2 protein chains.
Amino acid sequence: MSLDQLRYFVAVAETGSTHAASVRACVSQPPLSRQIRALEAEVGVPLFQRTSRGMLLRPAGVTFLQHARSILGAVDAAVVAARGHAGHVAAGSALEWTEAPPADGRG
Amino acid sequence: MSLDQLRYFVAVAETGSTHAASVRACVSQPPLSRQIRALEAEVGVPLFQRTSRGMLLRPAGVTFLQHARSILGAVDAAVVAARGHAGHVAAGSALEWTEAPPADGRG
DNA sequence: CTTCTTTACGGCCAGCGTAATTATG
DNA sequence: CATAATTACGCTGGCCGTAAAGAAG
């Protein structure tokens, strides 16, 4: 399970085909198709119905799509929230180490 | 950014050291330390304060921890929710393809 | 010296991309 | 034949684990 698999899944779910999804995700169809397969294997339930017209979302896929979007959004929100603390100190907190770290030249 | 990085981060945040975290996550310290570094680089904010006693969570880390737990929980919930559709059909729905897929012997 | 984190080095698995195959209308 | 997904094959990159180094009490 990986975040990329979730992104690929959303792309396929939203476009209805691995071709459009591969363009959206900037990868070729084979890797994308494999990741979708791997994702389905991991959740243990087929998320799509393969047809000659493309990829049709199944009920489990619809449910998973909502969760996938939520997770992806949460990941972005986590980064934004953490960045919101850049240079901040916890005013009124008893945590002294909230002060900026010493200039120990990391890197 | 990966789910493993999130798991490692939670382990370090909860144990306060890379040693205990590495035991908890079943990996050695170096890979874990590298992933934490990579995570901090990706979010663009130092999440921990390195001390000779271990890893101290910084305010940004506290915030990120809450999000990380939520994300990890959401991932698990997504799988459980999708599995809840196993063998189900959308009763009353117009979606015929909710029936089980044909036995095409994939894999 | 002891404890803890980080950097260096070597080997392995996973994932990507191109080309070929199968299924449908 | 045209379209769409999947499988086969070779290669590169990232990650892990062991060993060594730097920092603090």
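Chain identifiers are assigned alphabetically (A, B, ...) following the order of the sequence lines, protein sequences preceding nucleic acid strands; residue numbering begins at 1 within each chain. Keep in mind it's a predicted model, so treat the numbers as computed, not measured.
Rounded to whole angstrom, the span from the CG atom of Leu32(B) across to the C1' atom of dT18(D) amounts to 16 Å. In this structure, CG of Leu39(A) is placed 17 Å from C1' of dA5(D), rounded to the nearest angstrom. Between the CZ atom of Phe48(B) and the P atom of dT6(C) there is a distance of 10 Å, rounded to whole Å. Regarding Gln49(A), its CD atom lies at a distance of 13 Å from the C1' atom of dA5(D), rounded to whole Å. Summarising the geometry, the separation between CZ on Arg53(A) and C1' on dA4(D) is reported as 11 Å, rounded to the nearest angstrom.
Annotation: side chain of Met1(A) is in contact with side chain of Val75(B) (closest heavy-atom distance under 4.5 Å). When side chains are defined from C-beta on, Val12(A) counts as touching Leu32(A), because their heavy atoms get closer than 4.5 Å. Here the side chains of Leu47(B) and Met55(B) are not in contact, with every heavy-atom distance at 4.5 Å or above. Residues Gln49(B) and Thr51(B) form a side-chain contact, since some pair of their non-hydrogen atoms from C-beta on lies under 4.5 Å apart. No side-chain heavy atom of Asp76(B) sits less than 4.5 Å from a side-chain heavy atom of Leu72(B). Between Leu56(A) and Phe48(A), every side-chain heavy-atom pair lies at or beyond the 4.5 Å cut-off. Tyr8(A) is not listed as a side-chain neighbour of Leu39(A), based on a closest heavy-atom distance of 4.5 Å or more. In this structure the side chain of Thr18(B) never reaches within 4.5 angstrom of the side chain of Ile36(B), judged on heavy atoms.
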Protein-nucleotides 11-14 of chain C N/O pairs under 3.5 Å:
none

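Looking at every heavy atom in both residues, Ala20(A) comes nearest to Ser17(A) through N-OG, 3.2 Å. For the residue pair Ala60(A) and Ala82(B), the shortest heavy atom distance occurs at CB-O, 3.7 Å.
Across residues 15-24 of chain A, Ser17(A), Thr18(A), His19(A) each have a non-hydrogen atom less than 4.0 Å from an atom of DNA chain D (numbered order). For residues 2-11 of chain A, proximity to DNA chain D is found at no residue, defined as any non-hydrogen atom under 4.0 angstrom from a strand atom.
Residues satisfying the salt bridge (Lys or Arg N to Asp or Glu O under 4.0 Å) test with Glu14(A), not counting sequence neighbours, are Arg24(A), Arg69(A).
Between the side chain of Thr15(B) and the backbone N or O of Ala11(B), at least one donor-acceptor pair lies under 3.5 Å.
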**Report entry** Protein proximity profile, nucleotides 18-25 of chain C - base contact B, sugar-phosphate-only contact S, no contact -, cut-off 4.0 Å on heavy atoms
**Finding:** BB----S-

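The side chain to side chain donor-acceptor pair (under 3.5 Å) with Gln5(B) is formed by just one residue from the set Arg34(B), Arg37(B), Gln35(B); it is Gln35(B).
Within a 6.0 Å radius of CZ in Arg83(A), other residues, nucleotides and ligands contribute more than 12 heavy atoms.
Here Ser33(B) reaches the OP1 or OP2 of dT6(C): one of its side-chain N or O atoms lies under 4.0 Å away.
Summary for the helix from dC1(C)-dG25(D) to dG25(C)-dC1(D): the axes at its two ends, each from 5 pairs, differ by 20° when rounded to the nearest 10 degrees.
Ring orientation note: the planes of Phe9(A) and Phe64(A) are nearly perpendicular, at an angle over 60° on the 30°/60° scale.
Electrostatic pairing of Arg50(B) and Glu40(B) counts as a salt bridge here, judged by a charged N lying under 4.0 Å from a carboxylate O.
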